Asks: 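Below are the structure tokens for one structure; questions will follow.
Just so you know, residue 1 is the first one in the sequence shown, and it goes up from there. These numbers come from a predicted model, not from an experiment.
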Amino acid sequence: MRAVVLALTVALVVPEFALDKTYVYKYEALLLGGLPHEGLARAGIKVNSKVLLSAVTENTFLMKLMDPLLHEYAGIWPKDPFVPATKLTSALAAQLQIPIKFEYANGVVGKVFAPAGVSPTVMNLQRGILNILQLNLKKTQNIYELQEAGVQGVCRTHYVINEDPKANHIIVTKSKDLSHCQEKIIKDIGLAYTERCAECTERDKSLIETATYNYIMKPAAAGVLIAEATVEEVHQFSPLNEIHGAAMMEAKQTLAFVEIEKTPVVPIKADYLARGSLQYEFATEILQTPIQLMKISDAPAQIIEILKHLVANNVAMVHDDAPLKFVQLIQLLRFATLENIEAIWAQFKDKPVYRRWLLDALPAVGTPVIVKLLKEKFLAGELTIPEFIQALVVALQMVTADLETIQLTASLALHEKIATIPALREVVMLGYGSMIAKHCVAVPTCPAELLGPIHEIAAEAISKNDIPEITLALKVLGNAGHPASLKPIMKLLPGLRTAATSLPLRIQVDAILALRNIAKKEPKLVQPVDLQLVLDRALHPEVRMVACIVLFETKPSVALISSLAGALKLETNMHVASFAYSHIKSLTRITAPDMAAVAGAANVAIKLMSPKLDRLSLRFCRALQLDFYHTPLMVGAAGSAYMINDAATILPRAVVAKARAYLAGAAADVLEIGVRTEGLQEALLQSPAADESVDRITKIKRTLRALANWKALPTNQPLASAYIKLFGQEVAFVNVDKTVIEEAIPIVTGPKPRELLKAALKALQEGIALQYAKPLLMAEVRRILPTAIGVPMELSLYTAAVAVASVNVQATITPPLPEEIETMTLEQLKKTDVQLQAEARPSVALQTFAVMGVNTALIQAAVMAKGKIRTIAPGKVAARADILKGNYKVEALPVEVPEHITLAVVRNIEEPTAERIVPLVPELAVFKMAALRSATPFHKTLCLAVPYIEIKGCIEVHSHNAAFIRNDPLFYIIGQHSARASVARAEGPAVERLELEVQVGPRAAERLLKQISLIDEETPEGKAFLLKLREILETEDKNVRVSSESSSSSRIISSSSSSSMSSSRMTETATVMEPFRKFHKDRYMAPHGASKAVSSGSTASSFEKIQKQAKFLGNAVPPVFAVIARAVRVDHKLLGYQLAAYFDKPNARVQLVVSSIAENDNLKICADGAVLSKHKVTARVAWGPECQQYAVIAKAEAGVLGEFPAARLEVEWERLPIIVTTYAKKLSKHIPMAAFKAGFKLERVSNADKEIELTAALPSQRSLNVIARIPEMTLSRMDIPLPIAVPINPDGTLSIQIDEDILSWIQKHIKEE
């Protein structure tokens, strides 16, 4: 019986309104944004009004608002009150009180009608009220789910209907999951090239949207009356992960029944036009930036005003607010008409500075008007080719990709003037493909007819065998990524079509690469094609490897990857096998969520392949993928690198590198660069150098000869090519062929370089003054979505920067250069004295805005994070080059950075200058929670003074964040943060200038400011100095030993456990190692038995003998050159350092001495080295007072290890600074584990305490044996594969004679044969 009563009640639940009555409701709507914690700032709006509902016919109703009042909020929630927006309410009152019509039947809102005088913003507010009336009630169910239309689109909605017999009313609850909508009303700007990472948001979310509606319905005479309705909607967003804290937009609505009146609502006398349905209608918020609300009364005049401000205030240095003004200029240009912009262009096109600012701003506007304007001005000859290309590249990426703009771009691409400029045509065509890709993101059902012109161009190029045109068409189709292009592309794929086999290899590769963007949309269509190409052994290896790249980008299943792995077990081409194996193996380590299934499949497949492939050297083709993904923060990065080699030549055929980024549930291929040497490879393969039967040296000779005879190469074949992709779209590519080289050689060797040099020198003598400004809208990423109350909320990120440079250069040349510079001889140049003075003042201002809040044409209320950087780095340099005297001298005569503030902001259009700004984290935040960390702001200043030059650098940091509320990343970001770096004079005498002087030749000794001498240990003064130094060092050692003993006692237990663990992991086998033996003078191996001790001892004794002949070379020979770096102070005190270099030619000895020029400072650095033989070099570096405190000796020599040519490096030290030994001991604890992971064997032995020895031997030209002896252990690894062959023969001789001039060697071998 109970179920029957409930069913009858539900049948009556549909709300009804009588024809002869007016229903009066009280309406309140609230929208607030901020963090969901009390005591922090929030921003928002509130709407209060009476709502009158009156039936016109059975299914047509009128709704009118009475006494509407708008409020603003920007304050500390909840203590601060809402502030009435009186002026805004008055301005909108007339519109708000105009009745609107709507269709309403069975609880469902249909079409909406209103006069033309009702703006879209007011209409959306009305829709927010009608949205409450939307009730899809079923007569036979009380719990059900459906997709329901509303303001935000058609979204998943869950209904629960309950009866309350005591209160005599029915409660209806419906909840909406706004993240799951069939038709989502949303507008994304700047996100067209990003991919949604569904796997990234399966567990973690960055944006959560939900709404709950509660209705109390009471019986009435006409049916059922909505007595009260409440709505609560929440949008939570964090760029990291919402579980770590998120900003929140909260919407609340209340509609409460007041009374029934008999006076009907009367429509105004105007035509009621169809204004759509209940779904939100986007208005001017698309054109308007959320970071500033501008009242646009006269767009052209306002544009000119801001343009003049930017030009006038960014000359010598950048203005602090230049980025914000640049964004204002862009916003005004978006509202301007084509006629307005044309008039402004005509006014300023002949003024270079204004022209540059306009050409930088126009492409960022992103409206079809700008593309049309640029096209007209270029065709009229008002834009140069470089100006047009620069503007068009940006404009085509920023513009809204609608059908009108696509048709406009197509007409531009097919224009005869564009066709005559290949570089410009490539830019337009690539942009056309990108525009189709953007349009298909916004309209998934985009028609294939959009690609009709490109398909026709491709078909015509194939019929004519026009290779450059086929290449361009493929790249355009690749950018568009439309599945309808699969069939035309497949006609050019080898193996699948017999005709494609005759096409050049680069066309086949480009055709495969054109499938990549299609594969992202339709992977199942591309996978069979790619797999067939990879497994077809008749195809060129490069084609198969490129197909392998595309195949793995389709995220294949475990079955497909296993099939590939099984087929590759029988692969005969080692390059293909190595490439596929390395690719699969690198995928096993991928951690990004969207590649998790592929990583699992790769882990299965790798077990099916031969482990021998892992031991192939780097000369075989390789693929590498590395990534990092932090799940809690939902951020990550990935990098891919592919190298395709060729066994016949020394150059790789292709190299591709790609970077990918993950953030907030989205992924994007940020950058990709590819280089191919296909033409050069083919030319080399056709030359005798490709003969596999000849030895490597003959191959190198023939390769060099083939490169020298580049004129014989075919004209229509590119030698190399390169491309660059941004966000998955190819934006530029270049082919280098014989024609390019022929055109470049005259430019480099002809008269033009001499003319440019002459003009440059003349300009330098006359003086150069340059001011340049470059603005850039670096980022504009926006997501606009409606809320329940009909007001849009926006998530956006803006970054704008302006760079300004002011440069002044003046040169004085003595004697003056001749009029005809090309007649100047080398002897004349040697007698020239050049003095150059340059002053530069580069400055950069950058501002970033992250916004979450309301953005309409009438009011803005948002939480905004602002970041500001302003850097000014002035510099003044004077340089002099006296070539005759060999004297070169440079004199150098500092920055405000990050400021980040999070604010709550409210602005309304009637009072745009009266914006109210409140810091999100107040200075004295009061919270109810007791166990909170201190909310005291952090403030610290660190300064570091540079000795001698009396300059100090300071960093001042101020931070007041919300981390005291919650220890999560987002709360550390939110708040006020600023950092200021400054360079200023320190206390003490001022520094006039810094000088760097170089003197070469016999005058070097004269330029030294302080006589250099080294103490003689045999003299009484030397002995006394050494005795005193020894006492100081012994005291220092004693203190170190005491401190180390006290600290080591506390680490005995941990050390022993660590040692046992280490020994359990290591394979400590005693390795029998051959002694290292030196070469004879004729380079052949010495007899067995020559030991290391003899070799090392003879080295040391011979070097010491040379040193004893003259400890300080300055006593016997003058310095070869001298370098003096000093600070010139007002008190004329000498401060700085000088370096003197000495050369003892008979003994092949070099000595460098660095000393302080300050009085009573005997700190020196001495480097002494000698070439003892063709196989042996020794050097000693000492430093400290008189170079006596610390010393290191390094010896390098060539010899044999066993029967193999080898080289050995020994480093011995007499004494090292304490900090070096301390960190060396800490590092040594990690050596065993690092060696184990690198494949080295470890042997615990008692090697010399103060010596490190590294020996490398070559068993073959492609493998290496390494032995490293360090204190307490010896490490070794044998047969390490090398990526390239080392040209050393078994007897130690070099395969290439390097002791003769390399150019003569090349010329000699080219002329042979």
Asks: Nearest 0.5 angstrom please: Leu533 CG to Ile512 CD1, how far?
Replies: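 The distance works out to 5.0 Å.
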Asks: Are more than 12 heavy atoms from other residues, nucleotides or ligands located less than 6.0 Å from atom NZ of Lys308?
Replies: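 Not more than 12 within 6.0 Å, no.
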Asks: Taking only Lys NZ, Arg NE, NH1 and NH2, and the carboxylate oxygens of Asp or Glu, determine whether Lys349 and Glu382 approach each other closer than 4.0 Å.
Replies: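 Result for this pair is yes, salt bridge flagged.
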Asks: Does Gly478 offer a backbone N or O that forms a donor-acceptor pair with the side chain of Asn517 under 3.5 Å?
Replies: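 Yes; judged by distance alone, with no hydrogens or angles, the pair exists.
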Asks: Is Glu469 salt-bridged to Lys464, cutoff N-O under 4.0 Å?
Replies: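 Not counted as a salt bridge, because no side-chain N and carboxylate O are separated by less than 4.0 Å.
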Asks: Could you tell me whether Asp669 and Lys520 make a salt bridge, using a distance below 4.0 angstrom between a side-chain N and a carboxylate O?
Replies: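 Judged by the 4.0 Å cut-off on N to carboxylate O distance, Asp669 and Lys520 do form a salt bridge.
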Asks: Could you tell me if Thr409 and Lys375 have a donor-acceptor pair between their side chains, going purely by distance under 3.5 Å?
Replies: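 No, Thr409 and Lys375 have no side-chain donor paired with an acceptor closer than 3.5 Å.
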Asks: Search all heavy atoms of Leu191 against all heavy atoms of Arg782 and return the closest pair with its distance.
Replies: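 Looking at all heavy atoms of both residues, the shortest contact is CD1-O, 4.1 Å.
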Asks: Measuring from Ser434:OG to Phe727:CZ, what's the distance to the nearest 0.5 Å?
Replies: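 One gets 12.5 Å once the value is rounded to the nearest 0.5 Å.
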Asks: Can you establish whether the number of heavy atoms outside Lys187 located under 6.0 Å from its atom NZ is more than 12?
Replies: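 12 or below, so no.
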Asks: Can you list, pair by pair, the side-chain donor-acceptor contacts under 3.5 Å of residues 357-373, counting residues two or more places apart and other chains?
Replies:
from, atom 1, to, atom 2, distance (Å)
Asp360, OD1, Gln390, NE2, 3.4
Asp360, OD1, Lys774, NZ, 2.7

Asks: Specify the closest pair of heavy atoms between Met545 and Ile644, including all atoms of both residues, with the distance to one decimal.
Replies: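 Closest approach of Met545 to Ile644: CE-CG2, 3.5 Å.
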Asks: Indicate the atoms forming the closest heavy-atom contact of Leu383 with Phe378, along with that distance.
Replies: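 Shortest heavy-atom contact: O-CD1, 3.7 Å.
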Asks: Can you tell me if Tyr798 and Glu780 form a side-chain donor-acceptor pair at under 3.5 Å?
Replies: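 There is such a pair between these side chains.
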Asks: If we count only N and O atoms by modelled type, under 3.5 Å, do the side chains of Tyr662 and Asp594 hold a donor and an acceptor together?
Replies: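 Checked: Tyr662/Asp594 side chains pair up, N/O donor to acceptor below 3.5 Å.
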Asks: Do the side chain of Arg676 and the main chain of Ser721 share a donor and acceptor less than 3.5 angstrom apart?
Replies: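 A pair under 3.5 Å: no.
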Asks: Nearest 0.5 Å, what's the OG-CD distance between Ser463 and Glu460?
Replies: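 So the OG of Ser463 and the CD of Glu460 are separated by 6.0 Å.
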Asks: Grab the two heavy atoms, one from Val781 and one from Gly190, that are nearest each other, plus how far apart they are.
Replies: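 Nearest heavy atoms, Val781 then Gly190: CG2-O, 4.2 Å.
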Asks: If only atom types and distance count, is the side chain of His439 paired as donor or acceptor with the main-chain N or O of Ala401 below 3.5 Å?
Replies: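 Pair found, side chain donor or acceptor close to backbone of Ala401.
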Asks: Any side-chain heavy-atom pair from Leu726 and Val670 closer than 4.5 angstrom?
Replies: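 No, every pair of side-chain atoms sits at 4.5 Å or beyond.
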Asks: Can a salt bridge be assigned to the pair Lys658 and Glu553 using a cut-off of 4.0 Å between side-chain N and carboxylate O?
Replies: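 Counted as a salt bridge, because a side-chain N and a carboxylate O are separated by less than 4.0 Å.
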Asks: Quick check, are the ring centers of Tyr354 and Phe348 under 6.0 angstrom apart?
Replies: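 Yes - the distance between ring centres of Tyr354 and Phe348 falls below the 6.0 Å cut-off.
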Asks: What are the two closest non-hydrogen atoms of Ala519 and Thr554, and how far apart are they?
Replies: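 Minimum heavy-atom contact is CB-CG2, 3.4 Å.
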